[in-house]
Each structure stands twice: as C-alpha cells, then as structure tokens.
Amino acid sequence: MFLIYKDLICSYVCGAALRPQLYSNLRSSVALWGCRLLRDSLDRTTLLQPWLSGAAGQCAGPARSWSRAVSNKVLGCDWTPVWTACVGPGPAGAGRGRPRRPCRPRGVPVTWAPLSRGPAGHVARLSQLRVTWLRPEPGGPQSAERAESGRAGFGCGAPGGARSVGLRWLTMRDAQGEGRAPVLQFTNCRILRGRALLREDLWVRGGRILDPEKLFFEERRMADEQRDCGGCILAPGFIDVQINGGFGVDFSQATEDVGSGVALVAQRILSHGVTSFCPTLVTSPPEVYHKVLPQIPVKSGGPHGAGVLGVHLEGPFISREKRGAHPEAHLRSFEANAFHDVLATYGPLDNVRIVTLAPELGRSHEVIQALTARGICVSLGHSVADLQAAEEAVQSGATFITHLFNAMLPFHHRDPGIVGLLTSDRLPPGRHIFYGMIADGTHTNPAALRIAHRAHPQGLVLVTDAVPALGLGNGRHTLGQQEVEVDGLTAYVAGTKTLSGSIAPMDVCVRHFLQATGCSVELALEAASLHPAQLLGLEKHKGTLDFGADADFVVLDDSLHVRATYISGELVWQAEEARQ
Amino acid sequence: MKLIILDHYSQASEWAAKYIRNRIIQFNPGPDQYFTLGLPTGLPRDHPESYHSFMWNNFFKHIDICPENTHILDGNAPDLQAECDAFEEKIKAAGGIELFVGGIGPDGHIAFNEPGSSLVSRTRVKTLAMDTILANARFFDGDLTKVPTMALTVGVGTLMDAREVMILITGAHKAFALYKAIEEGVSHMWTVSAFQQHPRTVFVCDEDATLELKVKTVKYFKGLMLVHNKLVDPLYSIKEKETENNQSPEKPYGD
C-alpha cells in the first residue's frame, strides 16, 4: 500500500517542481495527507527520497513551502524544516534546460538554511533532496548541528531528535546516536553535587556533564563507554586563583617566551588536581606588564594543561607598609589619574581577571568601579585599610580578599580591619565576600584558619600563592636573583629562616584544610572548586558537576589524594599506580 | 494465592526482590523485552514527582536496561486514549506481561483502578479518588491543588492477563484493604480482590498489614513459609547457565 503512496507523492512533488502553478492547491493537501500517514511511523524514522531531475532551483520554492506547511500544520509550528541536498549524477536523462555547472563531489551535502534563497540556484544535477524537521530544543543552535547527516544515499540516519521525511520510502536502521558525541558513564563513584557526596554515576558527553534521565527518556540511549572509578570521589577540578609560578617558572619575569612557561606550569599542576588557574603577577614595572600580559591569553584546558582563566595582578597599587616581598621601587598609586593610571601601568586589560589593590589609596573607588564595570574582579590586599575603608571598597564592587591575615592589619577588637569584612553587616545585600587562604600550615596558623572558616565558611577560597620553587624538590635552587632552600613544604631564603613564599600544591592545601578545620569533605572540596568559580562568576560552567557544566573533574581517593584529572571529559593526568 | 508474611518492611522488600530475581533467571531473558508499567499523572517528565523521575531515580539508573525496553505511559500525550491503546498494543507485541509487581492503596485499588473500576477494564484515563489525592499530597508539599487529578492506568483486565502477579502490601494502613482483598469476595469496590480469580498470585506483606486478618488465616500462611521460602533460594547464576550440571530443574511452585 505504501508503494502506491510513494509513487503518488513522488509524482506530485516532481510535478509540483516542474509545474508549480498546476499543483499549487493540491500538492500541499496531498503532501499533508501523506505526511499524516507518515507521522505515526516517524518513530521508525522512515525516509522518503525524491529522485528529481533537473535543477533544484525549480523545486526549491514549492518544496520549501511544502516543508513549511508540513511543519506548521502537521508537526507543530515551531518545528524547523532544514533541507539537505546531495549532488551527484542524477537519473539518466536528467537535465531540463539548466546550464550545467560544476558539480560538487558526490556525497557532499549542502545544507540550505531554512527560508533562505541561498544556494538553491547553484546546485546542479541534484540527486536527492531530504528535509529534516528539527524538534525545537531549548538550545537553538545545537539543533542546527544535528541536521548535518553528512552522508548521501541509502541508510543514512537522521540524527536523533529530528524527524525526517523525504519523499520516497526508505526504512532506515535505528539511527540513535549517529552524529553525536559518545556518551561516557563513570560508575562506582561518589560525586560532589548539590553540596553533598552522592552515590551516583557521572555522565559526560561532548566535554560537558550530561543529564542521564533526559538521555534515557528522550533520546532512549545508553552510554557508549563505561569507566569504573573504583569507589573514588569525583570532585570538580580545583581552581587556583593565585599562583605566581612554579617548577622554576616565574610568571612575573619578562622573558620572550612567557607562554611556554605558563604552559609548563599548566601542565604540571594537573597532577595537583588543578584544572583552571589564574597566573599571578607581582608588583613589576610597567614594561613588564606590557610585555607579559599579552602573552598570557585566556585559554581552555585540555591534555596540554590546565585552563587559564585570566591573569591575577597583585600590585603595584598596594600599601608601602604591607608590601611583603614586593619590590618597593615599583609601587605606584593612582591618585593622579585614577583609572588612566591603571591603564598606563598595565596596558590593555583583556587578559586580566583579578586585580589586587589597597583600598586606602586615593581615588580607589573610581578605579574599583571602573575595573568592576569591565568584569574584572577586584580584591583587597597588601593594605592597611580599616574596616570602614574596606566596606566602602566592597560597596564600590570589590569581592575578594587576597590571602586573609597576611599583608594586612591584624584583627583588633575595636577595629577589625579587612578581616572584619567576613562578618560585616554593611555589605551590599545578597552579596558576600570571598577571601583567599593559604592553607599550607605555615602561612596561617591553623587556629586562625579555623576562626576564619567558622566565621564565614561559604566565602573561603583555597589558594596556593605558589612561588617558582613549587614542585622543585628538596634542596637549594636558584630562582632569578634569589637563592631558595626547599625543605618539605616550606621554602626559605637560603641560609635564613625567612619564608620565601608557599610551595604547597593545591591538593596538599585541601587535605591540610580538611584536617585543620575538621570540616566536611564536601566543604573542603568546594573551597577549592565551587567558591573560586563563584568568585569569578563561572559557577554555571566550572567548579561544579551540575548538568551542563564543563566536565572538569578530579578523581580522589578517600584521603583526598589525586588519582586522575579530567578536563572536558578527557583524561589528562593519571597517578602512577593507576597507570599500571 | 500465596500469602507471604514477613516481620518487617525491609524483610518483605528483600523477599520480593529475591523472588523477582529468581523469576528473571527462570524467564531466561534473551532478546525478549521487558515492560515497565508506568502510572504517570500528567506531570511534565522532568518534574521531580513525575513517574519518569521516580522510575529513573529508583530503578532505571541503577540497572543496565536499554531505554527501548522501558515503556512508560506519557501523561502529556496529545491523545490520551490513543496512548493507552498503543500501550496495550505494545504489551501484546512484547508477548504479554510475565510478572506484574505492584502495590495497593488503602482503598484496595490496584494501579490507580479506583473503587468502582470495572474488573475487566483495559488501560485508560482514570479520575483519582480523594483518598488517593490525599495520599499523594505528601509529594507535593501537602498542597492538594498541586496534585494531579487524572491518571493513565493499566486496567484490571490488563493485569489479569499477566501470567503472574505479585502485590506488595506493607503497613497498618493497608491492613483493611488486605482483609478485603483476601478474606472477602471479589468486588469492584476493592479492585485488588480481582486477583482471587487469577491463577498465580503472590501477596507479600509484613506483620502490620495482617492486623485485620483472621488469626486462622495468618497462622495457616505462616505455616507455609517453609515451603514458600524455597521460592527465594538462590538459583544458578545466569553466568553459569552454560554448565548443564548447575541447571536446577526447579519449576515455579503452583498452588
């Protein structure tokens, strides 16, 4: 019975193509009728193919309006018809008076955008036309991708989620999964989701976390690959917003090839579980900024290394008394020209993500507002500001405190200083302050860490503030102008007991934080992943394992040692034992 | 009818699970399809209380079932009756239901077949009784207006066509319904009583659910537990199916 319809419909369309005015009234109703018959069987994704002779240009008009009529009346107004045409040698005896144009290679599909007048006239010797109706998806652009089935001839699968009706019967094999990225399922694990460790599987597709329930019920698909995680914890990848260098590389050094230094660090910190970071530049002369900043672009992570979220500029607009290890000669202020001074010092701010400054400097409010307006996160640090100055800075837009307790006035019960922001009631409503802490056991006494954590647990951001001696192993090393002696997790200026910066990797910081505060594992992991993402406004994509987020995560054992690191669902680092 | 009485809810669940496991092994699953009987209530699919979410979170996500082999009635289909008819067709196409597992309501309904439902009904749209709406209100934060009032349900007749039926009844609030189901006659006011006319039924319940039964009934069936427990003895594993020695000649025990 269907064969009769086939020929009927075929001839109608062919006829319509050739003499549209004769069939203009009938064709749409017949085609609609045929389509209603097809609609119930569209689950089997049957496909009709017209064999049209002649140029596509003649049939393009009526074919398009037919497809639109189908979508409007049969399937629903918001289904989008997308035509694909395959060129190749047409049926014998084809060609009706159109000049022969050079053909595209056989099987290369040409996608016509719906409702466009575009390439119709340029396709000669059309062999097949296929129309696919795309179900309206919440994410519009993605449905357009699915139209590209990319293959000519029989047995082509319509991409899942689309309903395809051409003009000749062809029963296709079940087309689920074709044209889509493979689905990975990580089983036998606990994932950090919704502030809790859940005994769930993690599903990943196309570098993003996937909702398995939708996959199951809407696409009726199972995972293409399952990976057993051996009962480990899957946490979002750590984000380090303050790291000055490592493995002998100093980000603040103006070499010709800063990029390779950043890449080296990016690659080596994968083993610490860090999947995104902000390279930090300490106080430097403007020439250094002008030279170095353009060489550190924002970059996504991958097998080559962790992603660069943007540069953190610590200084030079900081307080003289609290400069710490920053060189005094290069400190500056912006009293003269406010934001213009900032631009003059740093150069273009395209790659900048965070700026640390001291709010007690004159005209800091204008600068903070200007920076915040550009989407740059402003942080308070290396400052002698009192609580009121700090609160005003937060009201102007500052959201972060650089390494709490270090390089600021100590907490005083009548003037808490910047530390008082943790419990201030003068912050803009609905916002809370984030603060970085170096939890290596040396830079902050564990008791101070606990005080800060208990006062404001949701704002704690674990940072490493690592110096180039990170990862260099015990012994004496020469870094730039300095001789540094590394002993375990502390680095001293050689021959002295002066701390020379922190060299604790991020996963060590997380473990120490967990042990020192006695907080839950979930909170410790969030302090290294979710809170920095919230600080930078990236919590939809990074720092979380919610559906739709980037699949950057680490596999940790129960003692929070990193076993493997994944970026965009791809394994980028694995521990030695796991490799065997 | 086999009435299995266990001490606690957890024991009843475990017994039921073992029984299902054994039945699956005996069924020798191959390319045969399985069926999930869904009872949606017109909620959107991703609503946390929709049947899809329930089945996903409590069943599908823990097992490796192919999505094609799950069939849940879609309460949002444009033509509900056609949806129900198609469901019946799919059941027939799959070879009929081998084992139906369900619970009952305090009013003795099976699968939303409220009191007064025909005992030969098929899959259809059903209005829910006030009792059921009240019982389900807990899933909707106690707000009665949010509970859907209509449901698609498999009919009693559809379930009677199943080759075996297992009903799980736990809790004191179901005790009266169990009494009506077992010790009184077949009545469309207590639709689960229709299974008295089914050749192979298993009722699994806990002590609390037997509170309305006669002591005589309870003692009789508890005395049979020795035999009934053989039904849940571990059978050979499917993996060892190839070795003929392990093959147990056990047939399902009949009444």
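Side chains are part of it too, since the values below use all heavy atoms of this structure and drop only hydrogens, waters and symmetry mates. Numbered from 1 within each chain, the chains take letters A, B, ... in sequence-line order.
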S.K.: Please round to the nearest 0.5 Å and tell me the distance separating atom NE2 of B:His62 and atom CG of A:Asp201.
M.R.: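 Nearest 0.5 Å value for the NE2-CG distance: 9.0 Å.
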
S.K.: Tell me, for A:Glu200 versus chain B, whether the close heavy atoms (under 4.5 Å) come from the side chain, the backbone, both or neither.
M.R.: side chain

S.K.: Give the ring-plane orientation class for A:Phe216 versus B:Trp56, where under 30° counts as parallel, over 60° as perpendicular and anything between as tilted.
M.R.: tilted

S.K.: Test of understanding: with side-chain hydrogen bond (donor to acceptor under 3.5 Å, both in side chains), list the residues that count as partners of A:Arg193, not counting sequence neighbours.
M.R.: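 Partners of A:Arg193 by the side-chain hydrogen bond (donor to acceptor under 3.5 Å, both in side chains) criterion come out as none, since no residue qualifies.
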
S.K.: Output a table of donor-acceptor pairs, distance under 3.5 Å, between side-chain atoms of residues 94-108 of chain B and any protein atom two or more places apart or on a different chain; print 'none' if there are none.
M.R.:
from: B:Glu98; atom 1: OE1; to: B:Arg163; atom 2: NE; distance (Å): 2.8
from: B:Glu98; atom 1: OE1; to: B:Arg163; atom 2: NH2; distance (Å): 3.1
from: B:Glu98; atom 1: OE2; to: B:Arg23; atom 2: NH2; distance (Å): 3.2
from: B:Asp107; atom 1: OD1; to: B:His109; atom 2: N; distance (Å): 3.3
from: B:Asp107; atom 1: OD1; to: B:His109; atom 2: ND1; distance (Å): 2.7

